[in-house]
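Written out below as structure tokens is the structure these notes cover.
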There are 2 protein chains.
Amino acid sequence: MDGVLAAITDPTRRRILDLLREQPLTAGAIAKHVPEMSRPAVSQHLAVLRSVGLVEPRRSGRLVVYTLCAAPLQPIWDHWLSRYAELWSDRLLQLKEVVEAQEGCDAQDSHSERDAEGDKGGRRADGC
Amino acid sequence: MDGVLAAITDPTRRRILDLLREQPLTAGAIAKHVPEMSRPAVSQHLAVLRSVGLVEPRRSGRLVVYTLCAAPLQPIWDHWLSRYAELWSDRLLQLKEVVEAQEGCDAQDSHSERDAEGDKGGRRADGC
DNA sequence: TCAATGCGTAAGCGTATCCTTACGCATTGA
DNA sequence: TCAATGCGTAAGGATACGCTTACGCATTGA
């Protein structure tokens, strides 16, 4: 997850991912969508995205078609960001309750290991 | 949002945020929780978190109490990550439909500007 | 077989990031 | 008033990052 966060912090790489969300593209096509920097620079960004599994290259002749892989993004939400979402929005909290009620607990790990420390302090961490 | 992503990419800063999710803490107390680096280093990390609004300092005598502010994290989900969540999980998509049906459109902007480009290609961007 | 195309990578440079040590300022209690 | 405490910041150095230019390799079509 650490590398994934570092990967998506760069705005150029987020732009590439946004492009691939529309459709798979060749490396050259991606580079044409980012004209303000050289093609090798884009290739290096693609290498970073590859290294964390966010894109998957597939050779087709002398072309290389890149496809988006969203899966590595999920831990960012599941293991980190979602716990803060409860603080910025009551709506998501309601959502969670609705889902849990309608699903009836189907082993999704992120329950019940909730902060086993006795709530010693104020625990007021609002959304500001 | 760019600065916020850069802020949370550092594992030490995420650790600080995780600490403040439990309860507000003084700068010194935070530093004690991160013993593997010097106190000024922690102070600099706090400065970064301050600069993007993720923590709020409040002087109390010669102590400075830091409180978590989760609000700057919301755009990461709303304006970026949530659009990828649809690719990694059908469950969240179902959730969204449930919410929208039960709320009946209460002006939450993130509807209806959905990709107005005519679905020109394959648009197969799966979760891998 | 040979030039052209598509792509990746190595080398090098400027800059940003993150740490340390040293220092300065405000607040507290004697 | 004066030492002690809590905290922030400046200065400096090591390392990581992002870009460019130059090059190498595989594939294609003449």
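Residue numbering restarts at 1 for every chain, and letters A, B, ... go by the order of the sequence lines. Basis for what follows: all heavy atoms, side chains included, without hydrogens, waters or symmetry-related copies.
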Can you name the nearest heavy-atom pair linking B:Y66 to B:P57, along with the distance?
CE2-CB, 3.6 Å
Show the nearest heavy-atom pair for residues B:S43 and B:R50, with the distance to one decimal.
O-NH2, 4.2 Å
Can you tell me if the side-chain N/O atoms of A:Y66 get under 4.0 Å from OP1 or OP2 in C:dG6?
no
A:S43 side chain near C:dT9 phosphate (N/O to OP1/OP2, under 4.0 Å):
no
Is a donor on one side and an acceptor on the other found under 3.5 Å between the side chain of [X] and the backbone of [Y]?
X: A:R13; Y: A:H45; value: no
X: A:T9; Y: A:L5; value: yes
X: B:R15; Y: B:H33; value: yes
X: B:R14; Y: A:W80; value: no
X: B:T26; Y: B:L63; value: no

Give each protein N/O atom lying under 3.5 Å from an N/O atom of nucleotides 16-23 of chain D, with the pair distance.
from   : atom 1 : to    : atom 2 : distance (Å)
D:dG18 : OP1    : A:D10 : OD2    : 3.3
D:dG18 : OP1    : A:R13 : NH2    : 3.3
D:dG18 : OP2    : A:R13 : NH1    : 3.4
D:dC19 : OP2    : A:H45 : NE2    : 2.2
D:dT20 : OP2    : A:S38 : N      : 2.8
D:dT20 : OP2    : A:S38 : OG     : 2.7
D:dT20 : O4     : A:Q44 : NE2    : 3.0

What is the separation between atom CG on B:L49 and atom C1' on C:dT17, rounded to the nearest whole Å?
15 Å
To the nearest Å, how far apart are A:R50 CZ and C:dC7 P?
12 Å
Does NZ or CZ of B:R21 come closer than 6.0 Å to the centre of the six-membered ring of A:Y84, within 45° of the ring's axis?
yes
Report all interatomic pairs (protein N or O, nucleotide N or O of nucleotides 25-30 of chain C) with separations under 3.5 Å.
from   : atom 1 : to    : atom 2 : distance (Å)
C:dT27 : O2     : B:R62 : NH1    : 3.4

Considering only heavy atoms from C-beta outward, does the side chain of A:P72 approach that of A:V4 to under 4.5 Å?
yes
A correct dot-bracket answer for DNA chain D, with pairs being Watson-Crick or G-U at under 3.5 Å, [ ] for crossing pairs and | for inter-strand pairs, is ||||||||||||||||||||||||||||||
Can a salt bridge be assigned to the pair A:R83 and B:E22 using a cut-off of 4.0 Å between side-chain N and carboxylate O?
no
